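One structure is given here, and the rest of the page talks about it.
Treat the numbers as computed from the prediction; the structure is a model and nothing was measured. Note that the numbering runs from 1 along the sequence shown for the chain.
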Amino acid sequence: MTNLANRVSHEQANHAISYASHSLVTEGFDVTSEDENFVRSVLTGERTEAQFHQAIKRKFNV
C-alpha cells in the first residue's frame with residue numbers, strides 16, 4: 001500500500017475538509033466528524049489511499 005504522494009499539512013487538510021463538508025451538506029449529504037477525521041488522516045499521510053478506498057467500499061457496500 002502506498003501513501004498519497006502529495007501529503008498536506010493539518011492546516012491545509014482542515015481548510016479543504018471544511019470547504020468540502022460545507023459543499024456536501026449543501027447538497028444534502030451527512031458529513032460526520034468521523035468522516036472528516038478519516039479523510040484528514042489520508043490527506044496528511046497517516047493512512048494510505050488503498051485504506052481510503054477500502055473504507056469507502058465498506059461504507060457504501062460496493
Side-chain angles (χ1 to χ4, degrees):
M1 289 190 233
T2 59
N3 285 337
L4 288 173
N6 298 319
R7 291 181 232 169
V8 299
S9 70
H10 281 278
E11 183 179 311
Q12 290 171 317
N14 288 338
H15 178 73
I17 290 167
S18 175
Y19 181 82
S21 293
H22 177 73
S23 294
L24 288 167
V25 168
T26 300
E27 293 296 324
F29 292 92
D30 181 33
V31 180
T32 67
S33 60
E34 181 182 344
D35 296 332
E36 291 178 352
N37 290 335
F38 189 81
V39 170
R40 185 177 297 105
S41 72
V42 175
L43 291 174
T44 59
E46 296 169 29
R47 294 185 194 230
T48 65
E49 187 175 356
Q51 288 171 317
F52 174 78
H53 289 279
Q54 290 169 356
I56 295 301
K57 287 177 182 179
R58 278 192 308 272
K59 183 170 183 164
F60 295 103
N61 196 25
V62 292

*Can you name the closest pair of heavy atoms from Phe38 and Arg47 and give their distance?*
CE1-NH1, 3.0 Å
*Side-chain heavy-atom pair Asn14, Arg40 within 4.5 angstrom cut-off*: yes
*Is it the case that Glu46 and Thr44 place a side-chain donor and acceptor less than 3.5 Å from each other?*
yes
*Linking I/L/V/M/F/W/Y whenever any side-chain heavy atoms sit under 4.5 Å apart, do Ile56 and Val39 land together?*
yes
_If the condition is side-chain contact (heavy atoms from CB on, under 4.5 Å), which residues does Ser21 pass it with, not counting sequence neighbours?_
Ile17, Val31, Glu36
*Main-chain N/O of Glu34 paired with Asn37 side-chain donor or acceptor, under 3.5 Å*: no
*asked:* Tell me whether Phe29 shares a hydrophobic cluster with Val42, the cluster being built from Ile, Leu, Val, Met, Phe, Trp, Tyr side chains joined at under 4.5 Å.
replied: no
